[in-house]
Every structure is written in structure tokens, then in C-alpha cells.
S.K.: 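Take this structure, written in C-alpha cells, and hold onto it; I'll ask about it next.
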Number of protein chains: 4
Amino acid sequence: MEKHQLIIDATCDLIAENGLQATPISSVAKEAGCGAGTIYRYFETKEELIEAVYLSLMERFTSACLENLDRTASVREQLNTIWLNLYHYMREVPRDALLLDQLSVAPAISAALQERGKRDLKATIDPIFTRGRQEGLIKDIPDDVLGVFVYGGISTLLRTDRNAPCVVPTVVTDDMLLSICWGAIEKRD
Amino acid sequence: MEKHQLIIDATCDLIAENGLQATPISSVAKEAGCGAGTIYRYFETKEELIEAVYLSLMERFTSACLENLDRTASVREQLNTIWLNLYHYMREVPRDALLLDQLSVAPAISAALQERGKRDLKATIDPIFTRGRQEGLIKDIPDDVLGVFVYGGISTLLRTDRNAPCVVPTVVTDDMLLSICWGAIEKRD
Amino acid sequence: MEKHQLIIDATCDLIAENGLQATPISSVAKEAGCGAGTIYRYFETKEELIEAVYLSLMERFTSACLENLDRTASVREQLNTIWLNLYHYMREVPRDALLLDQLSVAPAISAALQERGKRDLKATIDPIFTRGRQEGLIKDIPDDVLGVFVYGGISTLLRTDRNAPCVVPTVVTDDMLLSICWGAIEKRD
Amino acid sequence: MEKHQLIIDATCDLIAENGLQATPISSVAKEAGCGAGTIYRYFETKEELIEAVYLSLMERFTSACLENLDRTASVREQLNTIWLNLYHYMREVPRDALLLDQLSVAPAISAALQERGKRDLKATIDPIFTRGRQEGLIKDIPDDVLGVFVYGGISTLLRTDRNAPCVVPTVVTDDMLLSICWGAIEKRD
DNA sequence: AATGAATGAGAATTCATTCAT
DNA sequence: TATGAATGAATTCTCATTCAT
């Protein structure tokens, strides 16, 4: 693998395991198998490295959420796919879930960068919501609000479970989760 | 005011504004109007100070959520009160919302402390959910799951809004919010 | 007891137990049952307190060495008394032995103060040595050298034993000790 | 010279001159001609540096005592060599004598480390004493007691002289010293 | 290009001393 | 007179960043 990516991966692992403030460049270098100076060939500052880590995380996150998405399927099926992808990804790759928690409060991650990290996902999801509203399927509330609410619900559920383990995964079936998510956005007459 | 509380308040402000890692004891001292050594009369370590900050935050958070709660009212009315309290509190006191974000990933905040911080709120909310389920009002899914989901939805909504300001508050009415929340937990035949 | 003496005693205990650098004024105050500020009524600085501690130690040391000394007895009997007093005192009051170790390297204890601390003891011992030499009993070497050598031997013996306990006290009888001491100073034809 | 040794040497000088507690890492750095952080590349803590300083001192001390020792010579000649080596070393290298005084009460120097520091010297001296006793030359008292007594006598003599200078060196000839030392351990019929 | 030793600014913490009460 | 809260200089130690090799 490229050294550039090797460094990013090492940083992901260490931040997820130890937290951002307990991850000095020197330990990244050790984990990546290179000298500390080498890291500065690829990233001008630690902040820039963190930004790269964030973008790499959001890429994985995005493609995990969109995996096996059938863009010709119904709105309901597409959202089901995305939500379950999200749910399973954060359950099965806690490293990335922890990483996201850490980075979401890091001063290095600006609002602009966050926007950029989410752009691709939004570009896919927004049209689905739009169509859903056209079909009279979802509430007359801005897409962002509904989408973010559901994302926040799912991710918070799993974060809570990580802190007090083993409650959610054994109890919450895929059907239950979808029932909650749809309840939140579905339009009722 | 007591110096003890003065220090806690100064710390709240600084962490909310600059983040936990950008809040050294020296700056807390300056903000609190005392010498750095003075802080160590009241808190043995910085970690202990952070713990006190967290507990003070959770107290405010809890009493804000339970404000004007009529414990004799219906399940629906009580949850409406709590959710709107939560929503308005986090919108109107962004300092505490930001603080909560920072502290939720702080190594100083152990799982046990988190449990303690949430205890009072849970002790009030859990019985409401229990009654709601007995009345056939809410889904047959553990209270924790539903409660955490809604909390996660609301708080994430507002966090997103803080990063890309002015979208939510002007658009999301109280009624919209409650419609989303109830949709997530309400049982439909 | 006088507060002045109470403070000195507390300091003795704490330095012997924890060492000089691990004995802050605040802990002396706690041990002496008074406020930290009170100590500064009796001693202008910590250094001055240490000096007082040293002098109080040397007083106890001196009177312990001279206990039951029969100034009309023979040179041999008098030195035997002093040496055994010294030996038993340092064995039975390890607090003072430890204290002496700590203070002997403290910057607060000047050469002049050391001289003052030892003055009374020297004033008694020197004439005995002088008489011993007149009687042809001891080597033609300055009193200081002989006296200090024997003192150094005994105190080092006990310090070593304190570090690697239980070797000396069970083995070295009073007769053995005197045989060593006298051997060191006694004149042989 | 190696930076590692440079730091140790600087520390030796400073502790001997100012005492252990008046030797902060910052001053060691200045004396060693490097940044404070550099010291922590070579020693994990200040305590570890002090330990290294102690071991380096004991190495010099040991080789000084054993210099020109003829292991085929008689017991008397060997002990004479060692005692005079010790005496001259501590007189001519007061820096190391002062250093030893400081370190002997340092909390950083554990009993185990002291044992390790003295091991080589003991390994050489003990057999000489054993042989001396077999030859009926020395008292029937444990080697440790006799050896430590003499060591304590010599070192205390020189310490006293350092505090009230110029008394001993001009007066105490090598012969006098040996007469005292042998007197202390020699068996008389 | 890669390294890792060196740097020094900045962090948490301690403690002798002061002073208002 | 006695107190102990308050102070801030000084200490140990960390770590992002640089640069000679």
C-alpha cells in the first residue's frame, strides 16, 4: 500500500483506540512503520493529517451506506437499504464509529470539511427524499431535518450501546429499526 | 458566587468555546479570575474538574428537560413537554450543547460517571415510557432504544444546525418536531 | 507543649518518615495541628525551621550520648559509655538517625550550624581524648580524626543496617563494637 | 562524547555542586548544552536519570578503589591498597564524594539499586576478608560489619574535612590512616 | 526520499509564602 | 494571635515540528 494511506490507516486505528489527544505523531510513525519526519512529507501539519483521516473515514462511511443500493428500486426499499447499511456498518466496524465520535469534536474538522465529507452521501440521499415527498410518502419537513434526525438516532443508539455494551445488538432487529426510522419520517393522513 | 462554582462556570465557557484540549488550566484560572494554583484547592486534578463540570452540566440539562413537567398529565403530554424542553434548551443554550458534545468523548468521563449523570433523567422518563407501553401507545421495543433514538435525533439535528447555522430553528416548528418524535416511537396498528 | 516545639517535633517526624523534599509546610501544619500561616509566626522561612529542627536533633543526640556519663571514671570507661550510648540511641531511635541523614545533606544546614550543633558534644569528648593521649592510651593522631572516624563507623554501620535490615543488631554485641572502636584509636607499642 | 554520558556528567556536576533538590532538569539541560526535551530521549524520568548517575558514580568509585590491586598479594597489602585508594579518591575527587552524600539519601535510590551499585566492590572485598579471617588476621565479626565500619570511618572523616576544610589532608598520613583501619579490624591475642 | 534526534513552547501540578479575616 | 485561602514561580514532562545526515 502507499505510505500515504498507510499513515492514514495507522492514525485511524490509534485515534479510535486511544482518542485524538492520546495520539501523538510519534506513535503514528511507529504504527505506520516509518519515521516521524516522514509523516511531514505527506502532511504539512498534524491538523492536515487529521483532515485526511476524516475524509478517508467519510469515504468508507459513504460507500458502506450505499452498498448494494438499487437506484431503480422504490423509495422505501432504497432508504431501507441505506439505513440498514448504516446500522450494520457502525455495529460491525466500531473502529470507524469511534473515530467519527472523536473527529466530530476535533477543532481540526471545520464546518466546510464536514460539508465536503458528507457531500457524496447527501447527493445520493437527497433525491430519494425528494422523490419520496413527491410520492406523498414522507412528511412535509425539509429533507435535511428528517435525514439528520434518523442518522442521529441510529448513531446515538449505537454509541450508547458501545458505552454500556450488549443491549442493542441482541434486541433490535432490522425490522424494529426500520419501523422506528420510517415512523419518524413517514407521512400519515 | 462561590469560587468552586466560579471555576466550574469558567471551565464550561472555555470548553464550549474552544474545545477540551484547547482549555488549559492556566486559561481557566484567567477566566475565573484566580491563580492557577487556586484551582487545585478545589479540584485535585484537571480530570476531577472536568468531572465536576460534567455533573453540573447534567444537572442543568436534567432540570431543563423536566421543567414544567406535569407528572399527572397523559403520557403524550409529558413526553411532549420533555422533548420540547430538550429541543428549546439545546437551541437556546448552545454553550451547554457544545459542552455536552465535547465531554461526551472526553477520556475523563467514565461510563460510570455518564450513568450517574443521566440517572435522574432516566428515573423520570422510564416510568413514562412504561406507562405508554401499557397503554398500547408505543412500540414494543425497549425504552432505552426508543428514548435514546429520539434524544439522538434531536441533539444531532441541533448539532448539525450549529455547524451550518440557521436552517433548523426557522423552519422546524414545535409541531413538526413532535410529529417526528412520536412517529419514531408510536405504535400503529 | 509549646507550639514552637510542637512544630519542630512534627517536622522531625515528617522528615524522618518522608524525606526533606517530601515534607511541605502544609503537611507540617497538619501534623502540628495548626494553620500553615502560624508556622511563619515562629519561623521566618522554611529554612529557619529546618535549622531549628537540626539544633533540636543535635540536643537530643548530645544528651543521649552523654547519658550516665561518669566524668570521674577512667578514659576507657567514659568512651565506652559514650560509644554504647551512641550505638544504642541510633538503633533505638531510628527516627533521629534518619533525620540526621536527611539533614546532613540539606542546603539549609550550613557548616557554621553544624559546628554549633556539635559544639557541646565536642566540648565534653575532646578533654577525654586529651587525657587519653596523656595517659599514653590512644594514638598520636588528632582527636578529631579519631573521634570522627569512630562516629562515622558506628553511624554508617547502623545506616547500612537500616537499608538492609536485621544484620547488625542481632549479631554485633556491645563488646564487639567496643573492640572495633578501641582497636581504631588505641595505641599499641 | 555520547550525549547520554554528557547528560550524566552534567548531572553529576550539578548535584555535587548544588544538591539534588537544587538541580532541576532545566539546569541539567543547560549544563549539558541541549534542550530539556532531549534529556527525556535518554531517560524516561528524572528518577531514571538519577539512577543512571548513581550507577555511573559507583562504577568510578569501584574502579578507583580497586586500582592497582594485586590479587596475589597478602591480605594486608590488598586491604591497604583498597583503603588508600578509597581515601585518596574521595580526597581528590570531592565532586564524587559530595555526589555520593547527596544520592545516599535520595528517594530515587532504592535499596536494590544500592545493592547493585556496591555488588562489584563487595565481590572483590569479601573474599579478602574471608581469607583474612582464615589466616587469623581479623576479628571474628561479620565481614560486612568490619568493612562498613572502616568505610564509614574514612568517608565520614573526609566529609567532615570538606565542611571544615584543610584539617585532615595535611595531617593524616597514609600510615596513620592504615593504623586506624587495621586497629579496627585486626585480631589481637 | 527517509529518518529520528533535537528542540522548546506549553501542559499539569506543587508549594513556600502572604495576607485578609 | 491564628488561620487557611490565594498566589504564581518553578518543576517535571509531552509533543508538534525541524533539520542534519
S.K.: Find out whether D/Q114 and D/Y54 are in side-chain contact, i.e. whether some heavy atom of one side chain is under 4.5 Å from a heavy atom of the other.
M.R.: yes
S.K.: Can you give the dot-bracket line for DNA chain E, using ( ) for pairs inside the strand, [ ] for pairs that cross earlier ones, | for pairs with another strand and . for unpaired bases, where Watson-Crick and G-U count if both distances are under 3.5 Å?
M.R.: .||||||||||||||||||||
S.K.: Count the heavy atoms of every other residue, nucleotide or ligand shown that sit under 6.0 Å from CZ of D/R95, and state whether that count exceeds 12.
M.R.: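 Enclosed.
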S.K.: Using whole Å, report how far CG of C/L6 lies from C1' of F/dA2.
M.R.: 14 Å
S.K.: When you measure from the side chain of C/E48 to the backbone N and O of C/E44, does any donor-acceptor pair fall under 3.5 Å?
M.R.: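 Judged by distance alone, yes, a pair lies under 3.5 Å.
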S.K.: Any sub-3.5 Å donor-acceptor pair from B/T38's side-chain atoms to B/C34's backbone N or O?
M.R.: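 No, B/T38 side chain to B/C34 backbone: no donor-acceptor pair under 3.5 Å.
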S.K.: Reading DNA chain E from 5' onward, which residue's closest nucleotide shows up sooner: D/G35 or B/K46?
M.R.: D/G35
S.K.: Within a strict 4.5 Å, meaning less than it, do heavy atoms of the A/L98 and A/I15 side chains meet?
M.R.: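 Answer no - side chains too far apart.
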S.K.: Has C/S104 got a side-chain atom pairing as donor or acceptor with C/L100's backbone, closer than 3.5 angstrom?
M.R.: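 Yes: the side chain of C/S104 pairs with the backbone of C/L100.
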S.K.: Quick one: A/E44 CD to F/dT18 C1', roughly how many Å, whole number?
M.R.: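 Those two atoms, CD and C1', are 13 Å apart.
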S.K.: CZ of C/F43 versus C1' of E/dC15: gap in Å, rounded?
M.R.: 19 Å
S.K.: For the CZ atom on B/R60, are there more than 12 heavy atoms of other groups (residues, nucleotides or ligands in this structure) within a distance under 6.0 Å?
M.R.: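 Buried by this count: over 12 neighbours within 6.0 Å.
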S.K.: Using a heavy-atom cut-off of 4.0 Å across all strands, would you classify B/Y42 as base, sugar-phosphate, or nothing?
M.R.: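 If one applies the 4.0 Å heavy-atom cut-off, B/Y42 turns out to touch the sugar-phosphate alone, with no base involved.
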S.K.: Calculate the interatomic distance between A/H4 atom NE2 and E/dA1 atom C1'; express it in whole Å.
M.R.: 16 Å
S.K.: Roughly how many Å is it from CD1 in D/I39 to C1' in F/dC15, rounded to a whole number?
M.R.: 16 Å
S.K.: For the side chain of B/R41, starting at C-beta, report the closest nucleotide among F/dA2, F/dA6, E/dT14.
M.R.: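 Nearest listed nucleotide: F/dA6.
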S.K.: Could you check how far OH of B/Y40 sits from C1' of E/dA16, rounded to whole Å?
M.R.: 18 Å
S.K.: Is there a side-chain contact between A/H4 and A/F43, using heavy atoms and a 4.5 Å cut-off?
M.R.: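 Contact flag for A/H4/A/F43 side chains = yes.
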S.K.: Check each residue of residues 16-33 of chain B for a non-hydrogen atom within less than 4.0 Å of any atom in DNA chain F, then write out the ones that pass by number, or none.
M.R.: none
S.K.: Atom CD1 of C/I7 and atom C1' of E/dT17: how far apart are they, to the nearest Å?
M.R.: 15 Å
S.K.: Report yes or no: does A/E115 contribute a side-chain atom to a donor-acceptor pair with the main-chain N or O of A/A111 at less than 3.5 Å?
M.R.: no
S.K.: Given F/dT7, F/dT17, E/dT18, identify the nucleotide with an atom nearest to the side chain of B/C34.
M.R.: F/dT7
S.K.: Does the side chain of D/P107 reach to within under 4.5 Å of the side chain of C/Q21, using non-hydrogen atoms?
M.R.: yes
S.K.: Could you tell me whether the phosphate oxygens of E/dA5, OP1 or OP2, come under 4.0 Å of any side-chain nitrogen or oxygen in D/T38?
M.R.: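 No, no such contact exists.
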S.K.: When the nearest nucleotide of DNA chain F is assigned to D/G37 and to A/E47 on a heavy-atom basis, which residue is associated with the more 5' position?
M.R.: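 This one resolves to D/G37.
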S.K.: Taking the side chain of D/K3 as heavy atoms from C-beta outward, which of E/dG4, E/dT17, E/dA6 is closest to it?
M.R.: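 Nearest to the side chain of D/K3 among the choices is E/dA6.
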S.K.: Of the candidate nucleotides E/dA16, E/dT7, F/dG4, which contains the atom at the shortest distance from the side chain of C/A36?
M.R.: F/dG4
